Student: 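Provided herewith is a single structure, encoded as structure tokens, for subsequent inquiry.
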Amino acid sequence: MRTGLLWAGLLAMSGCATKPEVGAPRESLKAVVESLAGEATRLSPGTDLSLAVMDLRTGETASVSGLEPHISASSAKVFWVAAALGQRDMATAAPLAEQVFRTSDNEASGEVIDLVGGPDAINVYLRGLGLEHTALTKWNYGRERWATNSPRVMGRDNYFCANDMVSFLARLDRRQLLEPEPTARLLKWMELTPREGCGGWLGTRLPVSARASLQHKGGWLPPGCCGDDARYNVLNEVGLVTLPDGGRYAVAILASRGPDWPKQAFFVERASCVLYRHLAKDAALDCGDALAEAGGPAPVVLEPGAPAPNYDCE
């Protein structure tokens, strides 16, 4: 598959011989990711999880359910802004892009899609990058927009997969998608997003320095938002994280359908932290370990017929 080839082609092979470390072998990134997948079933029962990560220093990658389609929510907006920057001048794209990343503005996002030429043009852009498990199907904010070339793998919903997003972010970081100036601007816009809490789950449990430089885009469709909690309850986090040695990694944590939003949010925050702890070799970092050992946040129990709490970022 083209996506698989692109994923493999991103791996950077090191020719430097190093002296083996003395002591127990370090846990592999793959083992960490697989452990997190197992933890998800305990900390957030019912959550559908996909997770992918790439260490951009070495090219080491790992994923679980990396090609599984997930409703993309607002995390897909990073694709759309990149497409606009590749086709339009900075002055035209900048005012809209700032709104997209600062407040996740849906109407501004629709105007970004229009700058590219509409949903069909967005999908042509995605296919040109080899992102075969990602598509824009509709965007109705401001006005109705429907794609005629979406495979509609998830019906009427827009979707992506964790491997596609990490492949995209790795190429963005390596300046392989855009010219230097638009690349730099897009990465700075990705710092306008929340650092922690609602909309900032990727950074909540990271050290202060990593939170400050975090470049990411959350996407969420919380309980009560969309009419079918068994289909949605989407909480995505995708981004680029800087390590203490200046190295970086690309990550996509896609969670959905979890019946208990706080538990699902805690898992995403913890997964982000555990990945950082491993890649930074920071064994002392607390990733909510005691709470995880206790099973995560207490379940939210609602009276029959009671409305779900407002978990949107307002």
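Heavy-atom basis, side chains included; hydrogens, waters and symmetry copies ignored. The model shown is predicted, which means the values in this text are computed figures rather than measured ones. By convention here, the first residue in the shown sequence is residue 1.
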Student: Could you check whether atom NZ of Lys188 has more than 12 heavy atoms from other residues, nucleotides or ligands sitting under 6.0 Å from it?
Tutor: no

Student: For the backbone of Arg277 and the side chain of Asp282, can you confirm whether one donor and one acceptor N or O come within less than 3.5 Å of each other?
Tutor: no

Student: For residues Phe267 and Leu285: do they belong to one hydrophobic cluster (side chain heavy atoms under 4.5 Å, members Ile, Leu, Val, Met, Phe, Trp, Tyr)?
Tutor: yes

Student: Is there a donor-acceptor pair under 3.5 Å between the side chain of Lys263 and the backbone N or O of Pro297?
Tutor: yes

Student: Run the side chain to side chain contact (heavy atoms under 4.5 Å, CB included) test on Arg175 and Leu187 for me, step by step, so that the C-alpha distance in whole Å, both residues' side-chain angles and the decisive distance to 0.1 Å come before the verdict.
Tutor: CA-CA 11 Å; Arg175 278 62 177 171; Leu187 290 171; 3.7 Å; yes

Student: Got Val166 and Val53 here, is their nearest side-chain heavy-atom distance under 4.5 Å?
Tutor: no

Student: Could you give the distance from CD (Gln264) to CG (Leu235), rounded to the nearest 0.5 Å?
Tutor: 5.5 Å

Student: Excluding sequence neighbours, so at least two apart, what forms side-chain hydrogen bond (donor to acceptor under 3.5 Å, both in side chains) with Tyr232?
Tutor: Asp157

Student: Verify, without hydrogens or angle tests, whether Asn236 (side chain) and Ser72 (backbone) share a donor-acceptor contact under 3.5 angstrom.
Tutor: yes

Student: Of all the heavy-atom pairs spanning Leu302 and Ala306, show the shortest one and how long it is.
Tutor: CD1-O, 4.1 Å

Student: Please round to the nearest 0.5 Å and tell me the distance separating atom CG of Leu254 and atom CG of Leu51.
Tutor: 8.0 Å

Student: Is a donor on one side and an acceptor on the other found under 3.5 Å between the side chain of Glu111 and the backbone of Leu96?
Tutor: no

Student: If you group Ile, Leu, Val, Met, Phe, Trp and Tyr by side-chain heavy-atom gaps below 4.5 Å, do Leu36 and Leu291 land in one group?
Tutor: yes

Student: Report the C-alpha separation of Gln87 and Leu115 in whole Å, then their side-chain angles, then the decisive distance to 0.1 Å, and conclude whether the side chain to side chain contact (heavy atoms under 4.5 Å, CB included) test is met.
Tutor: CA-CA 8 Å; Gln87 298 183 24; Leu115 287 181; over 6 Å; no

Student: What residues form a ring pair (Phe, Tyr, Trp, His ring centres under 6.0 Å) with Trp139, not counting sequence neighbours?
Tutor: Trp80, Tyr141

Student: Once the angle between the rings of Tyr249 and Tyr276 is folded into 0 to 90°, is it parallel (under 30°), tilted (30 to 60°) or perpendicular (over 60°)?
Tutor: tilted

Student: How long is the straight-line distance from CG of Leu131 back to CE of Met165, given to the nearest 0.5 Å?
Tutor: 8.5 Å

Student: Any carboxylate oxygen within less than 4.0 angstrom of a Lys/Arg side-chain nitrogen, looking at Arg270 and Asp289?
Tutor: yes

Student: Only pairs under 3.5 Å count here: list side-chain donor-acceptor contacts from residues 217-226, not counting sequence neighbours, and write none if there are none.
Tutor:
residue : atom : partner : partner atom : Å
Lys217  : NZ   : Ser104  : OG           : 3.0
Trp220  : NE1  : Asp312  : OD1          : 2.7

Student: Give a yes or no on whether Val268 and Val300 share a hydrophobic cluster (residues Ile, Leu, Val, Met, Phe, Trp, Tyr; joining criterion: side-chain heavy atoms under 4.5 Å apart).
Tutor: yes

Student: Could you check Leu85 against Met90 for side chain to side chain contact (heavy atoms under 4.5 Å, CB included), going step by step and ending with a plain yes or no?
Tutor: CA-CA 7 Å; Leu85 288 172; Met90 190 78 69; 3.9 Å; yes

Student: Check step by step if side chain to side chain contact (heavy atoms under 4.5 Å, CB included) holds for Leu43 and Phe266.
Tutor: CA-CA 8 Å; Leu43 294 179; Phe266 170 72; 4.0 Å; yes

Student: How long is the straight-line distance from OG1 of Thr61 back to CG of Asn163, given to the nearest 0.5 Å?
Tutor: 8.0 Å

Student: Closest approach of Leu49 and Ala40, non-hydrogen atoms and distance?
Tutor: CD2-CB, 3.8 Å

Student: Which heavy-atom pair separates Pro119 from Asn149 by the least distance, and what is that distance?
Tutor: O-OD1, 4.3 Å

Student: Below 3.5 Å, can you tabulate the donor-acceptor pairs from side chains in residues 177-185 to any protein atom, sequence neighbours excluded?
Tutor:
residue : atom : partner : partner atom : Å
Thr183  : OG1  : Leu178  : O            : 3.2
Thr183  : OG1  : Glu179  : O            : 2.9

Student: I need the Leu279 CG to Asp55 CG distance, nearest 0.5 Å.
Tutor: 5.0 Å

Student: Mind checking whether Thr242 and Arg248 have side chains closer than 4.5 Å, heavy atoms only?
Tutor: yes

Student: I'd like to know if the side chain of His133 reaches the main chain of Tyr159, judged simply by a donor and an acceptor atom lying under 3.5 Å from each other, with no hydrogens or angles considered.
Tutor: no

Student: Under a 4.5 Å cut-off applied to non-hydrogen side-chain atoms, are Val251 and Ser272 in contact?
Tutor: no

Student: Has the side chain of Asn233 got a donor or acceptor atom that lies under 3.5 Å from a matching backbone atom of Asp260?
Tutor: no

Student: So, Glu27 and His278: side-chain donor and acceptor under 3.5 Å apart, yes or no?
Tutor: no

Student: For Val301, which fellow cluster members are found when Ile, Leu, Val, Met, Phe, Trp and Tyr are connected by side-chain heavy-atom distances below 4.5 angstrom, either directly or through intermediates?
Tutor: none

Student: Check whether Arg195 reaches the backbone of Arg211 with its side chain - one donor and one acceptor, N or O, closer than 3.5 Å.
Tutor: yes

Student: Could you pull out the closest heavy-atom pair between Thr137 and Ser150, with the gap in Å?
Tutor: OG1-OG, 2.8 Å

Student: Nearest heavy-atom pair of Val153 and Pro69: which atoms, and what distance?
Tutor: CG1-CG, 3.8 Å

Student: Any heavy-atom pair between the side chains of Leu240 and Leu56 that's under 4.5 Å?
Tutor: yes

Student: Tell me whether Val112 is reachable from Val238 by hopping between hydrophobic residues (I, L, V, M, F, W, Y) whose side-chain heavy atoms are closer than 4.5 Å.
Tutor: yes

Student: Nearest 0.5 Å, what's the CG-CD distance between Leu202 and Glu237?
Tutor: 4.5 Å

Student: Shortest non-hydrogen contact from Ala147 to Arg152?
Tutor: O-NH2, 4.0 Å

Student: Is the closest side-chain heavy-atom distance between Met190 and Leu172 below 4.5 Å?
Tutor: yes

Student: Would you say Thr193's side chain and Phe101's backbone share a donor-acceptor pair under 3.5 angstrom?
Tutor: no

Student: Is there a path of hydrophobic side-chain contacts, each under 4.5 Å between heavy atoms of I/L/V/M/F/W/Y residues, joining Leu136 to Val234?
Tutor: no

Student: Between Arg42 and Ala292, is there a donor-acceptor pair closer than 3.5 Å when you use the side chain of the first and the backbone of the second?
Tutor: yes

Student: Residues sharing Val208's hydrophobic cluster, by side-chain heavy-atom contacts under 4.5 Å among ILVMFWY, directly or via others?
Tutor: none

